[in-house]
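For this chain, numbers begin at 1 and follow the sequence in order.
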Amino acid sequence: MTTARGSLVGKLLLPLLAIAGSNAAFPQGMAVGNRRAVPAAPLPAGVVAPTVDYRDIAAEAGLAQANISGGAGEKNYLVETTGTGVALIDFDNDGLLDIFFVNSGRLNEKAPPHRLYRNRGELRFEDVTEKASLIATGWGQGVCAGDVDNDGYTDLFVTHWGPDRLLRNRGGETFADESRPRGFAETGRRWSSGCAFLDFDRDGDLDLFVAHYVDFDIDGTPLPGEAPQCRWQNVPIPCGPRGLPAETMSLFENDGGGKFADISEASGIAGPRNHYGLGVLTGDYDNDGRPDVYVACDSTASLLYRNKGDGAFEELGLFSGAAYNEDGQEQAGMGVAAGDYDGDGLTDIFKTNFASDTNTLYRNNGDFSFTDETVAAGLATVTQYVGWGAAFLDFDHDGRQDLFAVNGHVAPSVDGAPIDESFAQPGLLFWNRGDGGFHPLSAEAGPAVAARHSSRGAAAGDLDNDGDLEIVVVNMNEAPSLLQNFGPAGNWLLVRALASSGRDDIGARVAVAAAGQTQVKEIRSGGSYLSQSDLRAHFGLGKADAAEVSIRWSSGRTQKIGAVEANRLLTLRETPR
């Protein structure tokens, strides 16, 4: 029997063969990638890569506090390795993005508070954690943003190993933990990871999707090296996720007033407990006007939930081609990013994975199917890193989506081992050539990309409203990084889409046409690795001094805005019906 790549038989058979083979070779162990790095192809004749110069300005910006995330010198349990996320939100509605960092803590110690920095302008930040009434809420993991009660202020949902927290924004001054009155239980030790707000039923209020990672009991978990799943390339590391009980996912419906009900079972989201969910990525992957959900899963098949439009979802990861790589293998998926990298108007998916594997680029075929284009697109050049936060972003403003990712191993113990891996690792930057391929620029991208950290969450946003996207990165047990690009760039447009209630219209799709090129971007909650990027859509315009703008609101209504001058922030608001 032959199985052509991309055929239905291949999609069904290859994953089954890969699962049987990988489990037999490494029973209950961490997912082992089978891809080798492919050398980067030279740039086509006449093509010159742009200049890029990312520098870390976190210290001078005032971002000084270290992230607390498990033991610093050694890590004995999986929960100490996953790290935390970061959110870029304008919590006080002054037009500048502020920064919220999630903290987890150290075992057997009092949890530190999550940390909030107010943007004072010109890339300077003030720690307002205490002023904002933020207190310790437990072992934090991820964060996503959305206005749950349509009052015009952005709220935060913070996932935990333990009870999750809904932090309601009280008028841009303080946050209040309203988890219980908003419908979220405060008991139990469930491990939540990625999250995203979305209006799945298009009723005008934001619902919530939450991924869960491992059913984790620290008392019943072996120490590093005590079981097969507690070693990596013969190096003792924290056990898991394989060998530990898997989890399922959750969906919460908003009643219109900001109170939520768990509809995971009724909606079809809560399937068998067979997956280790991490990164959550919403998006309209079939262009039917309804938001779907992709979940990057660690060591198990990733999930793709199609919104059926009747209040329910169907999980089609295997049939879509986005559950495994092109070899039919499950991967250790961590972070996720969405973007239209090839300019066909369809939302593509990028996923970061564990070491001894490549990250994965899934090209959207337009019929709710995806093709793994990682090798063909030139993204298979690196396999020795453990990938986490990721973003599609146009760093040179040429109108094409480039790729950025951060890395870091899970265990400090790899530093002393005779393997070609380290705990602290550099970032990755790939320039979109415009012909369906990417060119690696990590080594020439400036000191901030080359700097080594064990990084986790990453979020991109225009922190000083000058048209360039900054990148904020969470580094385990050290201060964060704030990457600013000092390289030249073209013209730009930044679009904020507001629903008729005044909240950011999560799920809206903005289209910008300039110089014969059309770009499409969605307003998205969550994404990357357990993080929240700018809720405004950023477009590079190259040399164009104007663009034609249109929008499809999350309600399904469409609106043509017309010609807009370049190099400005454009705020759009849907008119009431």
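- Between Val102 and Val86 the shortest side-chain heavy-atom distance does not fall below 4.5 Å.
- Side-chain contact of Asn364 with Thr347: a donor-acceptor pair under 3.5 Å is absent, judged by distance alone.
- No side-chain donor from either of Asp420 and Gln384 sits under 3.5 Å from a side-chain acceptor of the other.
- Under the 3.5 Å distance criterion, the side-chain polar atoms of Asp127 are matched with a main-chain donor or acceptor of Thr129.
- When ring centroids are compared, Phe197 and Phe209 stay outside the 6.0 Å threshold.
- Listed here is the closest heavy atom pair of Ser267 and Leu251: OG-CD2, 3.5 Å.
- In this model, no donor atom of one side chain and acceptor atom of the other lie less than 3.5 Å apart for Ser69 and Glu80.
- Tested against Phe252, the residues Phe184, Phe157, Phe260 include a single ring pair (Phe, Tyr, Trp, His ring centres under 6.0 Å) partner, Phe184.
- A donor-acceptor contact shorter than 3.5 Å links the side chain of Ser533 to the backbone of Ala460.
- Within the 4.5 Å cutoff, the side chain of Asn359 has no heavy atoms near those of the Lys351 side chain.
- In this pair, Phe438 and Phe430 present their aromatic rings perpendicular. The plane angle is above 60°, beyond the 30 to 60° band.
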**Asked** Yes or no on side-chain contact (heavy atoms from CB on, under 4.5 Å) for Leu88 and Gln532, after CA distance, side-chain angles and deciding distance?
**Response** CA-CA 6 Å; Leu88 307 183; Gln532 174 69 59; 6.0 Å; no
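- The line from OG of Ser104 to CZ of Arg456 is 10.5 Å long, rounded to the nearest 0.5 Å.
- Between Asn274 and Thr300, the closest side-chain pair of non-hydrogen atoms is not below 4.5 Å.
- A donor-acceptor pair under 3.5 Å is absent between the side-chain atoms of His114 and the main chain of Ile135, judged by distance alone.
- Among Ser250, Ser192, Ser179, the one residue that satisfies the side-chain hydrogen bond (donor to acceptor under 3.5 Å, both in side chains) test with Asp164 is Ser192.
- Distance check, rounded to the nearest 0.5 Å: CZ of Arg115 to CZ of Phe101 gives 10.0 Å.
- Atom OG of Ser525 sits about 7.5 Å away from atom CG of Leu206, to the nearest 0.5 Å.
- The closest donor-acceptor contact from the side chain of Ser422 to the backbone of Ala424 lies under 3.5 Å.
- The backbone N or O of Ala246 lies less than 3.5 Å from no partner atom in the side chain of Asp215, so there is not a single donor-acceptor pair.
- Salt bridge status for Asp177 with Arg165: present, with a side-chain N to carboxylate O gap under 4.0 Å.
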**Request:** Before giving the answer on side-chain contact (heavy atoms from CB on, under 4.5 Å), spell out for Leu403 and Leu429 the whole-Å C-alpha distance, their side-chain angles and the decisive distance to 0.1 Å.
**Result:** CA-CA 6 Å; Leu403 274 169; Leu429 183 69; over 6 Å; no
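- The line from CD1 of Ile349 to OG1 of Thr360 is 11.0 Å long, rounded to the nearest 0.5 Å.
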**Request:** Test Ile99 against Leu63 for side-chain contact (heavy atoms from CB on, under 4.5 Å), laying out the working first.
**Result:** CA-CA 9 Å; Ile99 307 176; Leu63 305 179; 3.9 Å; yes
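- Here the closest non-hydrogen pair linking Pro245 and Val214 is O-CG1, 3.5 Å.
- Of the N and O atoms on the side chains of Thr137 and His160, at least one donor lies less than 3.5 Å from an acceptor on the other residue.
- The aromatic ring centres of Phe350 and Tyr341 sit 6.0 Å or more apart.
- Judged by distance alone, the side chains of Thr84 and Asn67 do bring a donor and an acceptor atom under 3.5 Å apart.
- Residue Gln425 comes nearest to Val386 through the heavy atom pair OE1-N, 3.0 Å, listed as atom of the first residue, atom of the second, then distance.
- At a cut-off of 3.5 Å, with distance as the only test, a side-chain donor of Glu478 or His453 sits close to an acceptor on the other residue.
- No side-chain N or O of Glu326 forms a donor-acceptor pair with one of Thr374 less than 3.5 Å apart.
- Aromatic ring centres of Phe200 and Phe313 lie closer together than 6.0 Å.
- Ring centers of Tyr285 and Tyr294: at least 6.0 Å apart, outside the cut-off.
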**Prompt:** Taking it one step at a time, do Arg190 and Glu247 satisfy salt bridge (Lys or Arg N to Asp or Glu O under 4.0 Å)?
**Reply:** CA-CA 9 Å; Arg190 197 174 191 188; Glu247 261 286 5; 2.8 Å; yes
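- Counting only N and O atoms by type, the side chains of Ser454 and Asn475 include no donor and acceptor under 3.5 Å apart.
- Phe125 is listed as a side-chain neighbour of Leu482, based on a closest heavy-atom distance under 4.5 Å.
- Heavy-atom minimum distance, Ser531 versus Gly457: OG-CA, 3.5 Å.
- Taking NZ of Lys75 as the reference point, atom CD1 of Ile237 lies at 13.0 Å (rounded to 0.5 Å).
- Residue Glu109 qualifies as enclosed at atom CD: its count of foreign heavy atoms under 6.0 Å is above 12.
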**Stepwise side-chain hydrogen bond (donor to acceptor under 3.5 Å, both in side chains) check, Tyr213 with Asp298** = CA-CA 8 Å; Tyr213 186 39; Asp298 187 359; 2.6 Å; yes
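- In this structure the side chain of Thr248 never reaches within 4.5 angstrom of the side chain of Ser264, judged on heavy atoms.
- For the pair Glu253 and Ile263, the tightest heavy-atom approach, listed with the atom from each and the gap, is CB-CD1, 3.7 Å.
- Thr159 places no side-chain N or O within donor-acceptor distance of the main-chain N or O of Gly194, the cut-off being under 3.5 Å.
- Counting heavy-atom neighbours within 6.0 Å of Arg180 CZ, excluding the residue itself, gives a total of 12 or less.
- Here the straight-line distance linking atom CZ of Arg524 with atom SG of Cys144 works out to 13.5 Å at 0.5 Å rounding.
- Counting only heavy atoms from C-beta outward, the side chains of Tyr529 and Leu278 approach each other to under 4.5 Å.
- Remark: of the listed residues Tyr276, Phe216, Trp139, Tyr77, Phe216 is the sole one forming a ring pair (Phe, Tyr, Trp, His ring centres under 6.0 Å) with Trp191.
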**Prompt:** side-chain contact (heavy atoms from CB on, under 4.5 Å) between Phe368 and Phe319: does it pass, once the steps are laid out?
**Reply:** CA-CA 9 Å; Phe368 215 76; Phe319 294 96; over 6 Å; no
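- Aromatic rings of Phe354 and Trp232 (six-membered ring for Trp) have centroids within the 6.0 Å cut-off, being under it.
- In this structure a side-chain-to-backbone donor-acceptor pair under 3.5 Å is present from Arg242 to Ser299.
- Shown here for Asp56 and Ser481, the closest heavy-atom pair between the two residues is OD2-OG, 3.2 Å.
- Within 6.0 Å of CG on Leu223 lie more than 12 heavy atoms contributed by other residues, nucleotides or ligands.
- A donor-acceptor pair is defined here as one N or O able to donate and one able to accept, closer than 3.5 Å; such a pair exists between the side chain of Tyr305 and the backbone of Ile269.
- You'll find the side chain of Val210 stays beyond 4.5 Å of the side chain of Met249, heavy atoms only.
- A 4.5 Å side-chain heavy-atom check between Leu167 and Leu134 finds at least one atom pair inside the cut-off.
- There is a side-chain donor-acceptor pair under 3.5 Å between Glu421 and His409.
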